[in-house]
Protein chains: 2
Amino acid sequence: MRQGIPDATVARLPVYLRALTTLAEDGTATVSSEELAAAAGVGSAKLRKDLSHLGSYGTRGVGYEVEYLVYQISRELGLTQDWRVVIVGVGNLGHALANYGGFVSRGFTVAALLDADDRIVGETVGGLVVRPVDDLEEVVAEQGVHIGVVATPAPAAQDVCDRLVAAGVTSVLNFAPVVLLVPDTVMVRKVDLSTELQILAFHEQRQVANRLSVDVPARVVALEPDGGTGRAGVSP
Amino acid sequence: MRQGIPDATVARLPVYLRALTTLAEDGTATVSSEELAAAAGVGSAKLRKDLSHLGSYGTRGVGYEVEYLVYQISRELGLTQDWRVVIVGVGNLGHALANYGGFVSRGFTVAALLDADDRIVGETVGGLVVRPVDDLEEVVAEQGVHIGVVATPAPAAQDVCDRLVAAGVTSVLNFAPVVLLVPDTVMVRKVDLSTELQILAFHEQRQVANRLSVDVPARVVALEPDGGTGRAGVSP
DNA sequence: TCAACTTTGTGCACCCGTTCACAAGTGCCT
DNA sequence: AGGCACTTGTGAACGGGTGCACAAAGTTGA
C-alpha cells in the first residue's frame, strides 16, 4: 500500500481534493465513496482503490470524514509545505497565470515573474513587478524556487528550460508548444492548448462519421476505400 | 489496424505532427522513426506502433516522408476541415486564448468570444468583438460551432456547459476548475493548472525524500512513523 | 445483545498499452 | 547481380490499471 502510489492515482488526487474542498465549504462532514466518486467523475471502485493507496482512512458503514481526507491528500501531495514557483514569460498566458487566483491559493507561491521584453519588465502584474530574465539564476537561488513555469514563445522555451534546470529547478510546467529535453532527474509536464483541440477534433470527426453510419450505413464502406495500406485505392 | 485508433495513440499524434511540421520547415524530406521519436520525446518502437495504426506509410530502409506523413496525420485528426470554436469567458485566460496564434493556425477558427460581463462585451480581443453570453445559442446555431471552450469562473462553468451542449456542441475544452457533467455523447477535455502543479509538487516531494534517503538512509524509517494505518502513531 | 443494513478495502480476472526482438522489405555499393 | 547495411512493421511477452464482486467491519434500531 505504501511505498509507491501509482501515477494514475496521483493524477486523480487533485481532482478528489477539489471535490472534497467544495464539499467542506458546503458544510458536509462525511461522504461515501459513491458520492465523492460522482462529484469527481470516476467510478466508486476506482476511488476506493485510489484512496486505499494512501492508507485506511474512512469508516466502513459510514464513509470518509471530509476534513480528515482533505488533510491526508494534501499531505500526500506535499501541499502542507509551500512550493515556490517562478513564471518565465509574461505574455498573454503569463498574465493569465500570474493573475490566476487558485494558482496561489493552495501551497504555491509565485516567487517572481520574468520576461525578456524590456517593455514588459518593470510592469506590475498580479502584485509582482516583472523582472528581466537575466535575473533567473539569482531568483531561483535566492528564493529557493522548486518549480519553473515556462510560458515563453516556442523558440525561447528550451533555452529558458536549460537555464532553469542549471539553476537547480527540478520540476517544470511547460506551456510552450515544444518538447523540452531535460535530464531524467527533472520532471516536465506539458500543457498544450492546440494538442487538446486536435484530440477533440479527432473525436468530433469520428462522431460525425458514426452519425453518418447510423443514417446511411452503406456509406461507411464508401468512406473507407482502402483496406489499410492507405497509399493505393484512392482513385474511384 | 483500421477501425479504432487507441486513445493513447491519438493523444500523441498532435505531438508527432508538431515535430514533423518543424522538420518540414527546416527542409527535411525524410525522417527515421528513431529521429522523429527523439524529437517527440518517445521511444522509437512506440512511435512506429502508433503510426502503424494509421496505415503503412513509411519505407523500410529509409524512413518516413515528412510532407506525406504530415498530411496523413492531419487527415486522421480531422484537420483537413475547419472546426469552429467558441470561447466563453474572456477574462485573463480567455484573452490569452483569443490571442494565441497557434490556436487559429491549423484547422481551427474562433467563431466568437462571449462574456457575461458588460464591461468586457463590445471590447475587441484578437480581432473579434466580444459578444454577450446571451448570444450563445444564436452563435452556435448560425456559425455551426462544434467545439466550446469554457474559460469562465468555476461557478458559471456548468451552466455555460449545459447551454453549449443544449445548443448542439459535442466537444468541450474546459479550463474551469470543476468537473463538468455532460451526457456521454459529449466529449470533455479538461486543462487544469493547479492540478498540474499539484502533480509536480508530489513528485518534487518524493524527489526530496529520495535525496534524503541517499544522504541519510536511516532517516527514512524515522520519517515513516506509521506502518500504514495512518491514524495511530502520530503522537510522540 | 442481536440482526439487518451500509460501506469500505481488496483479491482476482481482464484489458489496454508498452517494450522487446526480429523477420521482411528497401536502397546502396561493389 | 549479389551482398550489406539500414529501417519498418508486428508478433509476443510483460506490466500496470480498471472494474467486479465479496468478505470484513462498522452502524443503527429493536
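Sequence lines set the chain letters: A, B, ... in the order given, protein chains first and strands last, and positions in each chain run from 1.
- Between the side chains of Y100(B) and N92(A), not a single donor N or O lies within less than 3.5 Å of an accepting N or O.
- Following rounding to the nearest Å, L47(B) (CG) and dG9(D) (C1') show an atom-to-atom distance of 12 Å.
- Put simply, CD on E65(A) is 16 Å from C1' on dT27(D), counting in whole angstrom units.
- Of the candidate nucleotides dT18(C), dG17(D), dG17(C), dG17(D) has the atom nearest to the side chain of D7(A).
- D26(A) pairs by the side chain to side chain contact (heavy atoms under 4.5 Å, CB included) definition with T22(A), T28(A), not counting sequence neighbours.
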- Item | Protein-to-nucleotide contact annotation, 5' to 3' order, nucleotides 19-30 of chain C [B base; S sugar-phosphate only; - none; under 4.0 Å, heavy atom] | B-B--BBBS---
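- In this model, no donor atom of one side chain and acceptor atom of the other lie less than 3.5 Å apart for D7(A) and T9(A).
- Taking every heavy atom of both residues into account, S33(B) and L47(B) meet most closely at O-CD2, 3.2 Å.
- A straight line from NE2 of H53(B) to P of dT10(D) spans 10 Å, rounded to a whole angstrom.
- Defining each end axis of the helix from dT1(C)-dA30(D) to dT30(C)-dA1(D) as the rotation carrying four pairs' C1' atoms onto the next four, with five pairs an end, the two axes are found to diverge by 10° to 10 degrees.
- Side-chain contact annotation: Q72(B) with Y68(B), donor-acceptor N/O pair under 3.5 Å present.
- Here the CZ-CZ distance, from F108(B) to R84(B), works out to 12.5 Å after rounding to the nearest 0.5 Å.
- Shortest non-hydrogen contact noted between R48(A) and Y64(A) is CG-OH, 3.9 Å.
- In this structure, OH of Y57(A) is placed 17 Å from P of dG26(D), rounded to the nearest angstrom.
- Between atom CD of residue E76(B) and atom CG of residue L54(B) there is a gap of 5.0 Å, rounded to the nearest 0.5 Å.
- Nearest-nucleotide mapping onto DNA chain D: of G63(B) and D50(A), the residue sitting toward the 5' end is G63(B).
- Pairs of residues two or more places apart, or lying in two chains, that qualify as side chain to side chain donor-acceptor pair (under 3.5 Å) and include a residue from residues 158-169 of chain A are E137(A)-R163(A), Q158(A)-D162(A).
- Between Y64(B) and dG9(D), a side-chain N or O to OP1/OP2 separation shorter than 4.0 Å is present.
- Each of dG17(C), dG9(D), dG9(C) was ranked by its minimum atom distance to the side chain of S56(B); first place goes to dG9(D).
- Interface residues of residues 16-42 of chain B facing DNA chain C, ordered by number: none; criterion, heavy-atom separation under 4.0 Å.
- For E67(A), the CD atom is loosely surrounded, since the number of other residues' heavy atoms within 6.0 Å does not exceed 12.
- Partners of P183(B) according to the side chain to side chain contact (heavy atoms under 4.5 Å, CB included) rule, which considers only residues two or more places apart in sequence or in another chain, are V165(B), T185(B), V186(B).
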